[in-house]
Amino acid sequence: MQRTLPDKLPAPRLVIGGGDVISTSGGVYEHHYAATGGVQAEVPLAGPAEVDAAVAAARAAFPAWRDLDLNRRRDILQELARRLVADGERLGAIATLEVGTPNLLASSSSAMAADWFTYYAGWIGRSAGEVVPVPAGGALDYVLDEPLGVIAAIIPWNGPLISIGMKVAPALAAGNCVVLKPPENAPFSALRFAELAAEAGLPPGVLNVIPGGAEAGSALCSHPGVDKITFTGGGETARKVFAAAAQALTPVVLELGGKSANIVFPDADLDAAATMAVSAGLMMLSGQGCILPTRLLVHDDVYDEMVTRVVAGADALTVGDPWQPTTMMGPLATAAQLERVTRAVDSALSDKAGKLLAGGRRPDGLDAGYFYRPTVFGDVDPASDLAQTEIFGPVLAILRFRSEEEAVELANNTQYGLAAYIHTRDLRRAHVMAAALDAGGVAVNGFPIVPSAAPFGGVKQSGFGREGGIWGLREFQRTKNVYIGLQ
């Protein structure tokens, strides 16, 4: 396997108030390269002392950033977007080294993040409140949209740069300052982002980056100096975030897990549906994505045809060195993720939750890294853990259905509600199904690259709050009413 490129990684550190912090109270994390298991770097972690310092730096920077000329704020975010695009090759290399994302795919994340900054830069100065009707001549009543203050942004390891775009861009555009906590196993994209932000002219303290684990997360979420928390991650951690936030009654946006249904009707383009099932349900991020369609619901009339296509597609995926241009699927991000996926598949086999059709083991010759073969189960029991639990790996569960009503029942029969997918040429069916599905977003005949102008978020155990569009901007604003008597 090709030698890794640790020189592409930013120096491990914290960024607080525009300065670098290397000596910390939270200990050190050994970062392992997912494709080989080898140690690449030692990452200093934030503890409560560094959290205090980062929040204080953000609070100190807030008045000047809030009151900065709006054209200047817009120009900084637009310049940051340009720098993200220009730095795409290096940011892609960082993503490959960080979590093992195939380099061919990793470079696209910088352009996606840049789009969020460009979009939200365009909102600056446009969210201007409104005048409220009152009895003629008696008073003037108007509404102001104001920034909240300090935002704690806690991002996941599976797509850190995109999460930065979704969270940091609207927070900064609204006039807030940010304390960004990337996870200990994926701090490097955030650190490079901080460098680009400073080069774009973002004032010191407006953005602070504090890699850390559970201790830093708890200290940040319970901190009285934080005005709102935006978190993306798993449900178990989200409950801890929520409990910590309750100490100071801090509002929270939660973007959590999913077990999204991908529903295929007999009139669908089966080739396109199978391609999406394989590429989005197995290959993309090695299955490590909350929005990915990991349950494939297929009408009984075309079940055998779809299974044949999907199994052939899964077997054809090239798994291996993420630096090779032919690699379609890289390793899982960590040894813990590999253990989690292995345990889930072994449990499904022992429980006879479904029929193993492809994969189910690690690939030959790749024992050093955290690789797992794309795995497909057919005729899955809808009540099984395989159908109900988010595995966060390249494991696809295929279920049968015989009517629209049964498809809706199966699709909605999980604790999650992040996304759902429908494949049909029947426009009536598409609308009826979209309305009936318990999901924050529904896609018909395709897999969406979530537009920056569209709302993104879930229902049920997939969280609450929205990212994207005006809805995402409002998450980082407070509403103030002003009443002026005129008599």
Side-chain angles (χ1 to χ4, degrees), residues 77-78 80-81 84-85 88 91 95 98-99 101 106 108-124 127 147-148 151-183 186-187 189-190 192-194 196-197 202 206-207 209 228-234 237-238 241 251-258 260 284-285 288-292 418-419 439-441 443 447-459 462-477:
L77 294 196
Q78 289 178 337
L80 178 51
L84 283 165
V85 172
L91 286 167
E98 197 163 44
V99 292
T101 305
S108 64
S109 60
S110 59
M112 294 174 67
D115 179 63
W116 286 77
F117 279 92
T118 300
Y119 173 79
Y120 278 110
W123 269 108
I124 295 174
S127 179
L148 296 171
I151 306 300
I154 304 175
I155 61 173
W157 47 261
N158 60 327
L161 200 60
I162 295 172
S163 288
I164 287 171
M166 297 174 80
K167 297 178 183 300
V168 176
L172 294 181
N176 300 284
C177 293
V178 175
V179 177
L180 173 63
K181 193 198 83 63
S189 292
R192 180 57 183 157
F193 171 78
L196 295 174
L202 197 70
V206 174
L207 172 72
V209 181
K228 191 162 191 176
I229 302 162
T230 174
F231 169 84
T232 296
T237 305
V241 168
V252 182
V253 174
L254 298 178
E255 196 278 283
L256 308 178
S260 300
M284 189 177 294
L285 297 174
Q288 301 169 117
C290 54
I291 196 175
L292 301 182
L418 187 56
F447 182 81
I449 302 300
V450 182
S452 53
F456 174 74
V459 298
S462 290
F464 46 79
R466 289 296 180 266
E467 296 175 322
I470 184 60
W471 306 272
L473 186 69
R474 287 172 178 160
E475 293 286 358
F476 301 110
Q477 294 175 319

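We're numbering straight along the sequence, starting at 1. Note that the structure is predicted; figures quoted are calculated from it, not measured.
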Inset, instruction - Hey, could you give me each pair passing salt bridge (charged side-chain N to carboxylate O under 4.0 Å, His left out) that has a residue in residues 170-180? Not counting sequence neighbours. - result: none
Legend entry - Qualifying residues under side chain to side chain contact (heavy atoms under 4.5 Å, CB included), relative to P455, sequence neighbours excluded: R466, W471
Inset, instruction - Locate the shortest heavy-atom distance separating Y119 from G469; write the atom from each residue and the value. - result: OH-CA, 3.3 Å
Inset, instruction - List for me each residue that meets ring pair (Phe, Tyr, Trp, His ring centres under 6.0 Å) alongside F447, sequence neighbours excluded, and say none if there are none. - result: Y421
Under 3.5 Å, which donor-acceptor pairs link side chains of residues 171-182 to any protein atom two or more places apart or in another chain?
unit_1, atom_1, unit_2, atom_2, d
N176, OD1, L148, N, 2.7
N176, OD1, G149, N, 2.8
N176, ND2, A171, O, 3.0
N176, ND2, F476, O, 2.9
K181, NZ, G212, O, 2.7

Inset, instruction - Consider only side-chain N and O atoms of Y120 and W116, and report whether a donor and an acceptor are under 3.5 Å apart. - result: no
Legend entry - Contacts of type side chain to side chain contact (heavy atoms under 4.5 Å, CB included), residue T118, not counting sequence neighbours: A81
Inset, instruction - Calculate, to the nearest 0.5 Å, the distance between atoms CH2 and CZ belonging to W123 and R474 respectively. - result: 7.0 Å
Legend entry - Non-hydrogen atoms of S110 and L84 that approach each other most closely: CB-O, 3.4 Å
Inset, instruction - Quick one: closest heavy-atom pair of G258 and L418, and the distance? - result: CA-CB, 4.4 Å
Inset, instruction - Verify side chain to side chain contact (heavy atoms under 4.5 Å, CB included) between V459 and F464, making sure each step is shown before the conclusion. - result: CA-CA 6 Å; V459 298; F464 46 79; over 6 Å; no
Legend entry - 4.5 Å side-chain heavy-atom contact, L202 and L80: no
Distance-only criterion, 3.5 Å: show the donor-acceptor pairs between side-chain atoms of residues 155-164 and protein atoms not counting sequence neighbours.
unit_1, atom_1, unit_2, atom_2, d
N158, ND2, Q288, O, 2.9
S163, OG, G159, O, 3.4

Legend entry - Atom pair CG (L196) and CG (L91), whose distance is rounded to the nearest 0.5 Å: 6.0 Å
Legend entry - All side chain to side chain donor-acceptor pair (under 3.5 Å) counterparts of E255, not counting sequence neighbours: none
Legend entry - Shortest non-hydrogen separation from L207 to A194 and the atoms involved: CD2-CA, 4.0 Å
Legend entry - Verdict with supporting geometry, V252 and K228, side chain to side chain contact (heavy atoms under 4.5 Å, CB included): CA-CA 6 Å; V252 182; K228 191 162 191 176; over 6 Å; no
Inset, instruction - Sequence neighbours left out, what pairs pass side chain to side chain donor-acceptor pair (under 3.5 Å) with at least one residue falling in residues 447-457? - result: D115-S452
Inset, instruction - Could you tell me whether the side chain of T101 and the main chain of A106 form a donor-acceptor pair under 3.5 Å? - result: no
Inset, instruction - Could you tell me which non-hydrogen atom of A238 sits nearest to which non-hydrogen atom of L256, and how far apart they are? - result: CB-CD2, 3.4 Å
Inset, instruction - Could you tell me which residues satisfy side chain to side chain donor-acceptor pair (under 3.5 Å) with S189, sequence neighbours excluded, listed by chain and number? - result: E98
Inset, instruction - Just jot down the side chain to side chain donor-acceptor pair (under 3.5 Å) partners of S109, sequence neighbours excluded, or say none. - result: none
Inset, instruction - Return the minimal non-hydrogen interatomic distance between I291 and A419, and the atom names on each side. - result: CG1-CB, 3.7 Å
Inset, instruction - Determine whether F456 and M166 make a side-chain contact, defined as any pair of heavy atoms from C-beta on separated by less than 4.5 Å. - result: yes
Legend entry - Contacts of type side chain to side chain donor-acceptor pair (under 3.5 Å), residue K167, not counting sequence neighbours: T230, T232, E467
